[in-house]
Amino acid sequence: MTTPVRTRFAPSPTGLPHVGNIRTALFAWLFARHHGGSFIVRIEDTDVARKVEGAVDAILGSLRWLGLDWDEGPEVGGKYGPYFQSQRLDLYHRAAERLVRQGNAYYCYCSPQRLDEMRKEQTRRKMPPGYDRLCRNLSEAERRQKEAEGITPVVRFKTPLIGQTRFKDFIWGNVVFENNLLDDLVLLKSDGYPTYHLANIVDDHEMEITHVIRAEEWLSSTPRHVLLYDAMGYAPPRFAHLPMILGPDRSKLSKRHGAVSVAEYREQGFLPEAMLNFLALLGWSLDDKTELFTREELIKSFSLERVSKTGAIFNIEKLKWMNGVYIRGLTADEFAWRSIPFLERDLPPDVARPLPVEYVREVMPLVQERVKTLLEVTPLTRYFFAENLDYDANLLISKGMDGESTVRALEMSQKRLTELKTFDAGVLEALLRPLAEELGLKTGQLFGTLRTAVTGETATPPLFQTMAVLGRERCLTRIQEAIDRLKRSS
RNA sequence: GGCGCAUUCGUCUAGAGGCUUAGGACACUUCCCUCUCAAGGAAGAGAUCACCGGUUCGAAUCCGGUAUGCGCUACCA
């Protein structure tokens with residue numbers, strides 16, 4: 001009987017969730033779901049100074065947007081709660097006290113200033129920086145003396161001076177560290193909050209986390225955690241350190257690389273399913289060809305064994321391509337539905353809101369295969385909504401034509417269009433193709449002129465469909481405007 | 001400075017000693033389709049598998065060294 005898998009995502013609420021954090025969450029979630037286990041969200045709010053208002057909501061919102069549901073954590077509770085570390089302070093205090101009692105930890109009265117100077121001196125002398133263990137062997141009398149001075153101590157771990165600490169990582173294999181390279185880390189800060197190290201091992205044990213899946217930057221501190229588990233008499237969980245996500249310059253992805261929070265990608269019109277798929281491929285792959293996965297396929301095929309060790313650069317171009325693939329895969333209704341918020345937000349203010357839904361549904365199929373993000377929908381469909389077009393009259397004149405012949409073509413088109421009984425794409429094509437020949441023009445010449453007249457753009461969806469959706473009245477008005485524009489400019 | 005880890009087309013990656021004249025995808029180029037733009041189809045260019053040695057009949061794959069890069073080295077996570 002194997003114990004059920006329990007993984008956790010333990011973000012600290014210090015800002016908007018970064019794609020790297022969310023990728024970590026995704027892998028932990030995938031692993032749990034793949035094994036039919038539980039996925040837990042735990043908020044590591046032990047740094048009062050860096051805490052950012054609203055960050056928890058932003059994190060939860062991003063998880064929800066991607067469909068990363070959690071079995072235990074904020075808002076849903078669970079039997080291992082509370083899931084905010086700031087509400088579990090007693091637990092950490094008890095653990096710290098116990099370690100002190102057992103002789104595995106001690107009170108340290110060194111001031112931040114002393115520590116700072118010590119480190120500066122160490123780096124100046126090219127020595128490895130680390131706590132010099134001044135307080136490690138304080139006598140009872142010395143301790144009382146410091147207490148009497150009113151110094152609030154921190155609790156430090158008494159790291160073994162000799163020996164090695166080893167652990168097995170799912171991704172990195174056997175990892176060995178020399179204990180004498182580790183200094184005596186702080187467990188409990190003087191403000192009463194635990195450090196990450198303490199809180200993390202206490203909670204992972206209390207919450208019965210079986211697999212700690214986190215970013216590579218934690219690899220170096222894992223031996224400390226293993227030592228802490230030992231001192232507490234806990235069996236350590238299994239570890240998996242994920243490769244990092246890099247910026248184009250190969251350094252850890254950060255704000256200076258541009259958009260990094262998933263909320264920004266959402267704003268920019270990326271679909272959650274595309275984001276999920278793309279993120280999954282950053283550091284993981286199934287084989288040498290499959291790269292489009294549904295959420296279910298991801299759950300089914302995910303495994304830690306196939307996670308790579310090397311950091312991956314976040315390639316936005318590929319994300320865009322993938323987003324385009326997902327957009328094209330949407331039903332027309334879904335696409336329209338998802339585009340509406342962007343149209344409502346970005347269309348010029350003089351366009352009446354709310355937008356007529358039926359009309360939007362006619363317009364959207366025309367651009368569905370032409371956009372890579374929902375953000376691109378508005379600029380490509382502006383002329384379907386805005387009354388006035390703004391373009392250079394010269395754009396009306398096709399190659400091999402002049403102002404005069406263009407006006408003639410426009411006037412002829414106008415006349416024929418007026419006579420039309422119905423106004424759909426088929427009828428328009430049947431009318432316009434022969435008309436080009438009649439005017440002695442290539443279809444491209446006539447269609448180009450009409451396209452500009454009717455949309456103000458030189459690149460649009462197919463002309464006949466575009467005109468059909470625009471409707472006869474609007475087309476005729478715009479053709480008239482084009483003629484006026486040409487006459488004015490000549 | 002110390003410790004750790006990594007290094008396959010510009011990018012994401014496949015590859016776990018012979019199947020590899022190193023495969024796929026994005027981006028790029030050309031062509032086809034075509035009323036423009038896309039989408040789609042086809043083709044192409046692009047990697048002496050960081051470098052140097054070694055093991056082996058045979059190495060991108062194993063070993064050692066070098067270089068480069070990254071991470072950690074806080075009363076931050």
Side-chain angles (χ1 to χ4, degrees), chain A residues 10-14 44-47 49-50 108 110-112 115-116 119 122-131 152-156 172 175-178 181-183 185-191 193-197 199-200 214-223 241 243-244 246 248-252 278 281-292 306 308-322 324-325 328 366-372 380 398 429 432-433 436 442-452 455 457-464 466:
Chain A
S12 65
T14 54
E44 309 224 326
D45 52 352
T46 57
D47 188 344
R50 292 205 311 154
C108 169
C110 294
S111 69
L115 262 18
D116 197 45
R119 250 186 302 271
Q122 286 164 336
T123 33
R124 197 181 62 75
R125 295 171 53 192
K126 306 258 192 230
M127 301 286 290
Y131 181 56
T152 312
V154 300
V155 174
R156 279 185 189 274
W172 304 77
V175 185
V176 185
F177 281 86
E178 295 292 333
L181 264 14
L182 272 24
D183 71 348
L185 67 150
V186 172
L187 260 21
L188 212 55
K189 301 183 260 187
S190 57
D191 65 1
Y193 279 83
T195 57
Y196 169 83
H197 307 292
N200 164 72
R214 77 226 307 188
E216 183 198 326
E217 59 218 85
W218 294 108
L219 190 67
S220 304
S221 42
T222 304
H241 288 91
M244 294 192 306
L246 277 23
D249 62 354
R250 302 213 75 95
S251 68
K252 195 155 116 178
F278 182 72
L281 256 21
L282 243 34
W284 174 84
S285 65
L286 175 64
D287 53 31
D288 61 345
K289 44 181 72 74
T290 322
E291 50 185 4
L292 260 19
R306 293 201 58 85
S308 73
K309 275 195 223 144
T310 51
I313 293 176
F314 190 89
N315 183 353
I316 187 121
E317 285 306 316
K318 188 151 181 177
L319 204 213
K320 279 188 182 168
W321 163 77
M322 193 173 276
V325 172
R328 277 172 250 132
L366 266 30
V367 293
Q368 185 163 3
E369 67 178 22
R370 292 175 168 77
V371 298
K372 288 191 163 65
L380 285 187
S398 297
E429 178 159 19
L432 265 13
R433 277 194 193 279
K442 286 191 209 145
T443 51
Q445 292 175 304
L446 206 222
F447 297 172
T449 295
L450 282 172
R451 163 172 291 111
T452 306
T455 66
E457 303 285 337
T458 52
T460 74
L463 220 217
F464 317 124
T466 302

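When reading the values below, keep in mind they use all heavy atoms of this one structure, side chains included, and skip hydrogens, waters and symmetry mates.
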(message) What's the separation between atom OG1 in A/Thr310 and atom CE in A/Met244, rounded to the nearest 0.5 Å?
(response) 11.0 Å

(message) Under a plain distance cut-off of 3.5 Å, with no hydrogens placed, do A/Thr222 and A/Arg214 share a side-chain donor-acceptor pair?
(response) yes

(message) Given the structure, check if the side chain of A/Ser221 and the base of B/C72 hold any donor-acceptor pair shorter than 3.5 Å.
(response) no

(request) Could you walk me through whether A/Thr195 and A/Thr46 pass the side chain to side chain contact (heavy atoms under 4.5 Å, CB included) test, one step at a time? (result) CA-CA 7 Å; A/Thr195 57; A/Thr46 57; over 6 Å; no

(message) Need to verify one output field. Residue with the more 5' nearest nucleotide on RNA chain B, A/Lys318 or A/Asp47?
(response) A/Lys318

(request) Provide the distance between the two P atoms, one in B/A16 and one in B/U7, to the nearest whole Å. (result) 15 Å

Tabulate protein N/O versus nucleotide N/O from nucleotides 1-9 of chain B, keeping only pairs under 3.5 Å, one per line.
unit_1: B/G1; atom_1: O2'; unit_2: A/Lys126; atom_2: O; d: 3.1

(message) Looking at A/Arg306, I'd like to know whether one of its side-chain N or O atoms comes within less than 4.0 Å of OP1 or OP2 on B/U13.
(response) no

(message) I'd like to know if the side chain of A/Arg50 pairs up with that of A/Thr14 as donor and acceptor (distance under 3.5 Å, no hydrogens or angles considered).
(response) no

(message) Classify A/Met244 by what it touches in the nucleic acid, base, sugar-phosphate, or nothing, heavy-atom distance under 4.0 Å.
(response) sugar-phosphate

(message) Work out how far the P atom of B/G64 is from that of B/A22, and round it to whole angstrom.
(response) 27 Å

(message) Looking at every non-hydrogen atom in both residues, tell me the closest pair between A/Leu446 and A/Leu432 and how far apart they are.
(response) CD1-O, 3.7 Å

(request) Could you let me know what B/A14 is paired to, Watson-Crick or G-U wobble, both distances under 3.5 Å, or none if it's on its own? (result) none

(message) Output the rounded distance in Å from CH2 (A/Trp284) to C1' (B/C12).
(response) 13 Å

(request) For A/Leu292 and B/U13, give me the distance from atom CG to atom C1', rounded to whole Å. (result) 15 Å

(request) Using both distances under 3.5 Å as the test, list the Watson-Crick or G-U wobble partner of B/C19, or none. (result) none

(request) Taking the side chain as every heavy atom from C-beta outward, state whether A/Tyr193 and A/Asp47 have any atom pair closer than 4.5 Å. (result) no

(request) Could you tell me whether A/Arg125 contacts a base, only the sugar-phosphate backbone, or nothing, with contacts defined as non-hydrogen atoms closer than 4.0 Å? (result) nothing

(request) For nucleotides B/U8 and B/G69, find the distance between their P atoms and express it as a whole number of Å. (result) 15 Å

(message) If I pick the C1' atom on B/C33 and the same atom on B/A39, what distance separates them, to the nearest angstrom?
(response) 11 Å

(request) May I ask you to test the A/Leu182-A/Pro223 pair for a side-chain heavy-atom distance under 4.5 Å? (result) yes

(message) Can you measure A/Leu182 atom CG to B/A74 atom P for me and round it to whole angstrom units?
(response) 11 Å

(request) Under a 3.5 Å limit for both distances, which nucleotide forms a Watson-Crick or G-U wobble pair with B/C28, could you say? (result) B/G44

(request) Any strand is fair game: report the nucleotide pairing with B/G58 by Watson-Crick or G-U wobble, both distances under 3.5 Å, or none. (result) none

(message) Heavy-atom count check: over 12 atoms from other residues, nucleotides or ligands less than 6.0 Å from A/Lys189 NZ?
(response) yes

(request) Using the C1' atom as the reference point in each nucleotide, state the distance between B/A47 and B/A42 in Å, no decimals. (result) 24 Å

(message) Between B/G2 and B/G58, how far apart are the two C1' atoms, rounded to whole Å?
(response) 40 Å

Just the table, please: protein N/O against nucleotides 33-35 of chain B N/O, every pair under 3.5 Å.
unit_1: B/C35; atom_1: OP1; unit_2: A/Arg433; atom_2: NH1; d: 3.1
unit_1: B/C35; atom_1: OP1; unit_2: A/Arg433; atom_2: NH2; d: 3.0
unit_1: B/C35; atom_1: O2; unit_2: A/Arg451; atom_2: NH1; d: 3.3
unit_1: B/C35; atom_1: O2; unit_2: A/Arg451; atom_2: NH2; d: 2.6
unit_1: B/C35; atom_1: N3; unit_2: A/Leu463; atom_2: N; d: 3.2

(message) Strictly under 4.0 angstrom, non-hydrogen atoms only: write out the protein contact profile of nucleotides 17-23 of chain B, one letter per nucleotide from the 5' end, B, S or -.
(response) ------B

(message) Can you give me the closest heavy-atom contact between A/Leu115 and A/Arg156, atom names plus distance?
(response) CD2-NH2, 3.6 Å

(request) Once you apply the 3.5 Å cut-off to both distances, tell me the Watson-Crick or G-U wobble partner of B/C9, or none. (result) none

(request) Classify the ring geometry between A/Tyr196 and A/Trp218 as parallel (under 30°), tilted (30 to 60°) or perpendicular (over 60°). (result) parallel

(message) Taking pairing as Watson-Crick or G-U wobble with both contacts under 3.5 Å, can you name the mate of B/G71, or confirm there isn't one?
(response) B/C3

(request) Starting at CZ of A/Arg124, measure out to CD of A/Gln122 and round the result to the nearest 0.5 Å. (result) 11.5 Å

(request) For A/Pro13, report the nucleic acid contact type (base, sugar-phosphate, nothing); a contact means any heavy atom under 4.0 Å. (result) nothing

(message) Within the 4.0 Å heavy-atom criterion, would you say A/Thr46 contacts the bases, only the backbone, or no part of the nucleic acid?
(response) sugar-phosphate

(request) May I have the distance from A/Ile313 (atom CD1) to B/G71 (atom P), rounded to whole angstrom? (result) 13 Å

(request) Please state the C1' separation for the pair B/C19 and B/C26 - nearest whole angstrom. (result) 28 Å

(request) Quote, to the nearest angstrom, the C1' distance that separates B/G17 from B/U61. (result) 7 Å

(message) Does any part of the side chain of A/Phe447, heavy atoms only, come nearer than 4.5 Å to the side chain of A/Arg433, both counted from C-beta?
(response) yes

(message) Between P on B/C72 and NE2 on A/His241, what's the gap in Å once rounded to a whole number?
(response) 12 Å

(request) Please work out if A/Val186 contacts a base, only the sugar-phosphate, or nothing of the nucleic acid, heavy-atom cut-off 4.0 Å. (result) sugar-phosphate

(request) Return no unless some side-chain N or O of A/Arg250 is found under 4.0 Å from OP1 or OP2 of B/G10. (result) no

(message) Partner lookup for B/C51, please. Criteria are Watson-Crick or G-U wobble with both distances under 3.5 angstrom; report none if nothing qualifies.
(response) B/G65

(request) Enter the distance from A/Lys318:NZ to A/Ile316:CD1 here, rounded to the nearest 0.5 Å. (result) 14.0 Å

(request) Quickly work out the A/Leu366 CG to B/U36 P distance and round it to whole Å. (result) 16 Å

(request) Choose from B/A39, B/C75, B/A77 the nucleotide whose nearest atom is closest to any side-chain atom of A/Arg328. (result) B/A39

(request) Starting from P on B/C37, measure out to CD on A/Glu457 and report it in whole angstrom. (result) 14 Å

(message) Counting only Watson-Crick pairs (N1-N3 plus N6-O4 or O6-N4) and G-U wobbles (N1-O2, O6-N3), all under 3.5 Å, who is the partner of B/C33?
(response) none

(message) Nearest to the A/Ala459 side chain among B/A27, B/C37, B/U13, which nucleotide is it?
(response) B/C37

(request) Assign A/Cys108 to base, sugar-phosphate, or nothing according to its heavy-atom contacts below 4.0 angstrom with the strands shown. (result) nothing

(message) Without decimals, in angstroms, what is the distance between A/Lys320 NZ and B/A25 P?
(response) 21 Å

(message) Using the rule given for side chain to side chain contact (heavy atoms under 4.5 Å, CB included), can you reason through A/Val186 versus A/His197, listing the C-alpha separation, both sets of side-chain angles and the distance that settles it, and then say yes or no?
(response) CA-CA 8 Å; A/Val186 172; A/His197 307 292; over 6 Å; no

(request) Ignoring hydrogens and angles, tell me if any N or O in the side chain of A/Ser285 forms a donor-acceptor pair with the backbone of A/Leu281 under 3.5 Å. (result) no

(request) Give one of base, sugar-phosphate or nothing for A/Gly324, where a contact means two heavy atoms less than 4.0 Å apart. (result) nothing

